[in-house]
Amino acid sequence: GTLDRPGAGAATCLYTGAPDPNLASRLGAMYINDWFVPSALVDIGFHGLGVTYGAAIALTRDRLDAIGGFEGMVGVTSQDYMIGHLTRRAGLTVELAPAVVATVVEDASLAQTHRREIRWMRAIRASRPLDHALWICSSGLIPLALLALAWPIAIGGTAVALHLGLRLVIHALLRRRIAMPPAEPRLLPVRELMNFALWVHSLMGRRVRWGGQTMMTGDGLDMRAE
């Protein structure tokens, strides 16, 4: 198995979002399928696998004890990130299992979607601040801003068309390689606007909702009850 590889400390796998029929759930699943998955693949391609993904993490008891056990992760912002971080620090590797699991997105409202995603975004801001800062570069509003400011306008129009075209290509390629719900191109502009609003909101505080509690993310990996 994956954990039997020499030097393996933990195993994880990619996951996709399985939506309910309502709009909020579909937009929430779209974020997982069309932003998280390709971002994770790019990160693995450039840096190797250094984190574990919360939907599926496996490690043996002795390897868990070797990185301090769950007790050492009680007050951290992102336990899945910390498991991978501590595993690598212990000189072990994080291995990517070939399976891809699906997580059901049960959001009943856009407010519920936003609460979950702002927790994710602020966790990234705390644990990987450079990644958080550069995340905005994936927003479609960057080429739209070029469209508004460019002279001649053909420069901005080309940037917008290129961005949208590449995004649609990513949608199609992902679904050729990974089983996930069909792409919904009509929702792309809505999801792009949500992404930009999410990123801006993530800069405006450190408060998140976690397990029914209000928590505060720190400047590093710690998190505490408000």
Side-chain angles (χ1 to χ4, degrees), residues 12-56 96-105 107 110 113-114 116-118 120-121 124-125 128 130-202:
T12 191
C13 63
L14 294 173
Y15 66 94
T16 61
D20 286 335
N22 68 76
L23 179 63
S25 179
R26 286 156 55 203
L27 287 167
M30 190 176 186
Y31 179 83
I32 295 171
N33 296 330
D34 296 295
W35 273 266
F36 160 71
V37 173
S39 296
L41 291 172
V42 169
D43 189 46
I44 293 169
F46 276 102
H47 307 294
L49 188 58
V51 301
T52 50
Y53 303 120
L96 186 66
V100 177
V101 300
T103 181
V104 178
V105 181
D107 298 346
L110 291 175
T113 303
H114 185 73
R116 184 186 67 258
E117 292 179 358
I118 197 67
W120 289 348
M121 188 62 70
I124 295 171
R125 179 186 170 199
R128 305 179 75 172
L130 180 60
D131 289 359
H132 177 271
L134 294 177
W135 188 90
I136 190 57
C137 295
S138 68
S139 170
L141 293 188
I142 300 300
L144 285 175
L146 289 175
L147 176 61
L149 299 174
W151 187 263
I153 199 169
I155 297 175
T158 300
V160 171
L162 181 62
H163 173 85
L164 292 176
L166 289 175
R167 180 61 67 186
L168 291 173
V169 168
I170 290 173
H171 291 353
L173 288 177
L174 282 172
R175 285 159 179 81
R176 287 180 59 183
R177 297 172 180 267
I178 300 174
M180 61 174 62
E184 297 193 71
R186 292 178 299 173
L187 293 181
L188 179 59
V190 178
R191 185 65 253 191
E192 291 272 17
L193 289 170
M194 287 176 64
N195 289 349
F196 181 75
L198 177 70
W199 185 81
V200 172
H201 190 195
S202 70

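In what follows, every heavy atom counts, from backbone to side chain, and hydrogens, waters and symmetry copies are set aside.
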Applying side-chain contact (heavy atoms from CB on, under 4.5 Å), can you list everything that pairs with [X], at least two apart in sequence or on another chain?
X    : answer
N22  : D20, A24, S25
V200 : F196, M204
V101 : C13, Y15, A55, A56

Tell me every residue that passes side-chain hydrogen bond (donor to acceptor under 3.5 Å, both in side chains) with [X], counting only those two or more places apart in sequence or in another chain.
X    : answer
S202 : H132
T113 : D107
D43  : R128

Considering all heavy atoms, the nearest R116-V105 contact: NH2-CG1, 3.9 Å
Using 0.5 Å steps for rounding, measure from the [atom1] atom of [X] to the [atom2] atom of [Y].
X    : Y    : atom1 : atom2 : answer
I44  : L49  : CD1   : CG    : 5.0 Å
L166 : L162 : CG    : CG    : 4.5 Å
L27  : N195 : CG    : CG    : 9.5 Å
L198 : M121 : CG    : CE    : 4.0 Å

Would you mind writing out the side-chain donor-acceptor pairs for residues 32-41 within the sub-3.5 Å range, not counting sequence neighbours?
unit_1, atom_1, unit_2, atom_2, d
N33, OD1, G17, N, 2.7
N33, ND2, G17, O, 3.1
N33, ND2, A29, O, 3.2
D34, OD1, H171, ND1, 2.9
D34, OD1, R175, NH1, 2.9
D34, OD1, R175, NH2, 3.4
D34, OD2, R175, NH2, 3.2
S39, OG, W35, O, 2.7

Under 3.5 Å, which donor-acceptor pairs link side chains of residues 177-186 to any protein atom two or more places apart or in another chain?
unit_1, atom_1, unit_2, atom_2, d
E184, OE1, R26, NE, 3.3
E184, OE1, R26, NH2, 2.7
E184, OE2, R26, NE, 3.2

T12 side chain vs Y53 backbone, donor-acceptor pair below 3.5 Å: yes
Listed partners of H114 passing ring-ring contact (aromatic ring centres under 6.0 Å, His included), at least two apart: H201
Evaluation steps, side chain to side chain contact (heavy atoms under 4.5 Å, CB included), between T16 and T103: CA-CA 6 Å; T16 61; T103 181; over 6 Å; no
